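All of these numbers come straight from a predicted model, not from anything done at the bench. In what follows, every chain begins at residue 1, and chains take the letters A, B, ... in the order their sequences are listed.
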Amino acid sequence: MEYNFREIEANWREFWAKNKTFAAKDHSDLPKYYVLDMFPYPSGAGLHVGHPLGYIASDIFSRYKRAQGYNVLHPMGYDSFGLPAEQYAIQTGQHPRITTKTNIEGGVDNQGNKIAGYRNQLDIMGFSFDWDREVRTSSPEYYKWTQWIFKQLFNSYYDETQDKAVAVSDLIAEFEANGNANVKATTDYEGSFSASEWKAYSEKEKEACLQEYRLAFLADSWVNWCPALGTVLANDEIVNGKSERGNHPVEQKLMRQWSMRIKAYAERLLTGLETLDWTDSIKDIQRNWIGKSIGASVQFAVDDSDKKIEVFTTRPDTIYGVSFMVLAPEHPYVDEITTSEFKSEVENYKATASLKSERDRQADVKNISGQFTGAYAIHPFSGEKVQIWIGDYVLASYGTGAVMAVPCGDQRDWDFAKHFEIEIINIFEGVDISEGAHTEKEGTIANSDFLSGLKVKKAMKLAIYEIETRGFGKGKTNYRLRDAVFSRQRYWGEPFPVYYKNDIPYLVDDANLPVTLPDVDKYLPTEEGEPPLARATQEAWGDDFAGDRMDFNTMPGWAGSSWYFLRYMDPHNENEFVSKEKVEYWKNVDLYIGGAEHATGHLLYSRFWTKFLHDLGHLPFDEPFQKMINQGMILGRSSFVYKKTLSIKTSDKNTKNRKAITLKDSPLILPKDTNTFYSFNKIPSKEALIEEIEKLNPGHISGSFNDYIDEICLTPFRVAIKYIENDVLDIEAASSDPIFDFLQGAEFIFEDDGTYICGHEVEKMSKSKYNVQTPDELVEKFGADTLRMYEMFLGPLEQSKPWDTQGINGVHNFLRKAWRLVHNRDGDFIVTEGEPTKEALKTLHKTIKKVGDDLDRFSFNTGVSNFMICVNELTEQKCTNKAIIEQFVVLLSSYAPHMCEELWVILGNEAGTVGTQPFPTFNPDHLIEANHKYPVSFNGKMRFMLELPRTLSKEEIEKEVLAHEIAQKWLDGKAPKKVIVVPGRIVNVVI
RNA sequence: GCCCGGGUGGCGGAAUUGGUAGACGCGCUGGAUUCAAAAUCCAGUGUCUUCGGACGUGCGGGUUCGAUUCCCGCCCCGGGUACCA
């Protein structure tokens, strides 16, 4: 029988599905192991070969863990709320629910495109997912519990005394008993009230106060508003001042929004990182994002005013270096403190600053701007008057939105002072600050009263002490992490379990969850600018409707993904989000595989929610993902054909049109555009092209032409990679595709062998670049086992690498060779019983050791190499021994499960059991040899190999080596200075 | 600018604790088989070479008997972040 992968793979997939071979048991005496993949958003474009990379690795690892005797939880689901389905709905009117279902289950979209379906695409890869546990974040059964968790957050506040989340009902009880005097909570509330005052508050006032404590709260906050998307965005959804999705501009807007008080967890999110087995790079990204800085908050009184400006500084030791203050233009005090003399200038500056987009401000780092307000602050220690300025280098959203400027110790303050000719006080002993600030946190403080003569570190401590004892402020830790905006003005997301009565938000009762997403007539904002859900009629909300109105927002994408790993443990539980018993058994994720791009979004929010649910006693752990591996991106390899229509880039920025290029006032004459395509190795050189142009422009082109013209080349056109094999273009097939009909009737300059060779470039895989490779095509051509092994063979999992199918034959051949190990030329099955040879045992055990070690360190690519070496050796040995082959099949089964199941049955074993066989045990005895081949080096350079018995002593080895004729030659009669002998390894002779 | 990764043949990559640099695969070259092609098999394949050997892991130094691996300085590429007070 030939290796008929199509038939074999189809049969086994059916077998696994029918027998639920990979179902995880919730009750087991076996130790548990939880392997999780980041679940995908099911887009209409389907999977390309980059997506399954991580899934293949996690699948291999799951199978390995099962072989090691673990009860493995390895689920898959869909992060199925999201923008693309909604955009599609806006364009086509099709309900996102339907689009989403089609994208998952396959079918035809309403434009007639065939959709393969994520599930089908995943299935053909032979993954050992426990599909009975599938979750979809957009299903009401799932988001019921997302809403429930939101309610817990709403009903909790962060108690800083206990350092955990506590029920708001406890807080209310405390307010009723003692007011807020003894409450130490993470809050935006600044006032104080007594118990009787609290009791006198109206319901509305009470709720307004509580909102400032709740972990999920409504607040008017400056949000990132994206007009093009019609929604607010979280900080992590913005890249370079534009929306991550669609690259639209984002502006600051004050809006009433749901937020999450993630700041309360800043310190725990930071320290928790130390317990995690994640890459340093991801941990660093999170550390930077949290952005802890230690210093002091100091109050500066404003002269002739009762206002006090609070600043945060990390350098309280430099307080005597303060020569001015700067407020953010948006700072609330600006209008009040500005003197009449400077009113109009300040107004102008504020207007200019507000017009500048976030992006402009970033681009404008070099441009120093600011405006004096006319007001002065009183230095708390020296009592001197310092000018108060506003400047857009101070951000309203960080710290207190105001800084004490110390130009001698901060470069930005220094630049500002220089620019506006403000005094620069030097408070560093023996440091020259004429050319720039002294920003290092070292040196001795001078010219600073009680701080003079102290080293920076000591001065900092003393300064904070004095600031506190004299009542100017206190030591403080500041975090860059902002509270996370949790509302989105979109349709396709979780509705909030919230209704309003007299503008007071109330939660929907647990018994009435989920609040299901109502149908609407259009997926667009209302004419009044309300979110799409405002379109839903009371009937559309059905029984969910309560109060005056429902909340019109939906939750952001990260709501559902923050806890999905918990739901897999207990996906059908109707009474709890996960049962205590099950979460107690499965605990947190042991291995999480996914992209590094979620470092500041999903990975931070999941940690936040996990810690929160832990605080409430629902989870026995407070970190969701113990170990994480970030797979690299698979890049596309785009192919190009080259048409002889010259592309010219000039250093002259004004010349956009190549035909407008002029030389010595007369237009540059270019060779006529042709319809001729040059094969890659036949492309005329730049010199040849210039020569051609010279002929057309006699006397105009000189040596300076090369300086003037940056680049001159044929015009490249992309061609879909499906028409290309080993860079050879199938002209006939490509030109019959309407997208590439420009090839029809074109002339071609071929290679000498008559083929047309394409050029290529490595870039991101995308539809528009015609370089997308789907797994489906490759599975059809080579089989899933080949694709699985090839994706692993490509290189280390964590590294980005270009996709190139050229090597896939090599892996396919390996599997055929493995198949032939037990089949003769006629395809008949052949194995021999009896004792294996010593050689075969050595090969097998060497492979067991290496493959096992490779799996333990997630080195899947070297694992594939080791299988290849094993098969090469066994083939050479003509080994057909059953015992050896069986062990080999078990070893290989995690990588190539279909073929191994088949071979396992052919070998006479029970169907479907290869995956539960114990991982073969390594026996080092089989590797021990009587002799060792010593590499013998002279001065560190290997000269010859010498096989010697392992029993020899150092002295005997040295004697044998020196007596060897090649050694004699290298010694050339001289005595060696030294001989290093590492028994069982190497010999190095120093001469 | 700062913080993380990374730089090894024509290509993807290997070398796990400082011990034979280039495993394995692709590609390429030659040969066998074939009417021919595909497939398969065999041999070769870092560079230079006076065929003795010399050089060789981004560059320059250092430690060591021995460095892709450790240390110092620099260059380049990828990712993150950026008036963060």
Which atom names give the shortest non-hydrogen contact between A:Met899 and A:Ala818, and what distance separates them? CE-CB, 3.8 Å
Give A:Asp804 one of three labels, base, sugar-phosphate or nothing, depending on what nucleic acid heavy atoms sit under 4.0 Å from its own. nothing
Taking only the side-chain heavy atoms of A:Asn861 (C-beta and beyond), determine which of B:G13, B:A23, B:A85 contains the nearest atom. B:G13
In whole Å, I'd like the distance from the NE2 atom of A:His812 to the P atom of B:A39. 11 Å
Residues A:Asp853, A:Lys849: salt bridge by 4.0 Å N-O rule: yes
Would you indicate what A:Arg857 reaches in the nucleic acid, counting non-hydrogen atoms under 4.0 angstrom: base, sugar-phosphate, or nothing? base
Can you tell which of B:G13, B:C84, B:G19 lies closest to the side chain of A:Ile980? B:G19
Expressed in angstrom and rounded to an integer, what is the separation of A:Lys418 atom NZ from B:C83 atom C1'? 20 Å
Where the side chain of A:Lys941 is defined as all heavy atoms beyond and including C-beta, which of B:C55, B:A85, B:A14 is the nearest nucleotide? B:C55
Taking atom CD of A:Glu876 as the centre, does the number of heavy atoms from other residues, nucleotides or ligands within less than 6.0 Å exceed 12? no
What's A:Asn988 touching, base or sugar-phosphate or nothing? Going by heavy atoms closer than 4.0 Å. base
May I ask you to say what A:Pro796 touches in the nucleic acid, namely base, sugar-phosphate or nothing, with a heavy-atom cut-off under 4.0 Å? sugar-phosphate
Taking only the side-chain nitrogens and oxygens of A:Lys441, find out if one of them lies under 4.0 Å from OP1 or OP2 of B:A85. no
Give one of base, sugar-phosphate or nothing for A:Arg637, where a contact means two heavy atoms less than 4.0 Å apart. nothing
Does B:A82 have OP1 or OP2 sitting under 4.0 Å from an N or O in the side chain of A:Arg480? yes
So what's the dot-bracket for RNA chain B: Watson-Crick or G-U pairs under 3.5 Å, [ ] if a pair crosses, | if it pairs off-strand? (((((((..(((......[....)))((((((.......))))))(((....)))..(((((..]....))))))))))))....
Options B:U16, B:G12, B:A54, nucleotide nearest the side-chain atoms of A:Phe793: B:G12
Candidate nucleotides B:U20, B:G25, B:G19, ranked by approach to the side chain of A:Arg985 - the nearest: B:G19
Separation of atom CG in A:Leu327 from atom C1' in B:C83, rounded to whole Å: 16 Å
Rounded off to whole Å, could you give me the CZ-to-C1' distance for the A:Phe782 and B:G25 pair? 14 Å
Under the salt bridge (Lys or Arg N to Asp or Glu O under 4.0 Å) rule, what do A:Glu274 and A:Lys283 come out as? Steps first, then yes or no, please. CA-CA 9 Å; A:Glu274 282 156 36; A:Lys283 287 192 194 182; over 6 Å; no
Distance alone, cut at 3.5 Å: any donor-acceptor contact between the side chains of A:Gln877 and A:Thr843? yes
Mind checking if A:Ser281 touches a base, just sugar-phosphate, or nothing, with heavy atoms under 4.0 Å? sugar-phosphate
Classify A:Asn813 by what it touches in the nucleic acid, base, sugar-phosphate, or nothing, heavy-atom distance under 4.0 Å. sugar-phosphate
Exercise: identify the closest heavy-atom pair between A:Gln299 and A:Lys308: OE1-CD, 3.4 Å
Determine the contact category for A:Asn872: base if any of its heavy atoms lies under 4.0 Å from a base atom, sugar-phosphate if only primed atoms, P, OP1 or OP2 are that close, otherwise nothing. sugar-phosphate
Single hit among A:Asp410, A:Val456, A:Val406 for side-chain contact (heavy atoms from CB on, under 4.5 Å) with A:Arg315: A:Val456
Spacing between A:Met789 atom CE and B:C24 atom P, to the nearest angstrom: 16 Å
Between A:Ser293 and A:Tyr398, a side-chain donor and acceptor under 3.5 Å: yes
Regarding the side chain of A:Lys969, the nearest nucleotide among B:C26, B:G52, B:A85 is B:G52
Interatomic distance where CD belongs to A:Gln799 and C1' belongs to B:A14 [whole Å]: 12 Å
Of B:C83, B:G5, B:U40, the nucleotide closest to the side chain of A:Asp280 is B:G5
Whole-Å distance between B:C3 C1' and A:Trp278 CH2? 18 Å
Mind checking A:Arg482 for me? I need base, sugar-phosphate or nothing, with any heavy atom below 4.0 Å counting as a touch. nothing
For A:Ser937, which contact category applies under a 4.0 Å heavy-atom criterion: base, sugar-phosphate, or nothing? nothing
Rounded to whole Å, CG of A:Asn809 lies from P of B:A38 at a distance of 13 Å
Assign A:Lys292 to base, sugar-phosphate, or nothing according to its heavy-atom contacts below 4.0 angstrom with the strands shown. nothing
CD of A:Glu440: more than 12 outside heavy atoms within 6.0 angstrom? yes
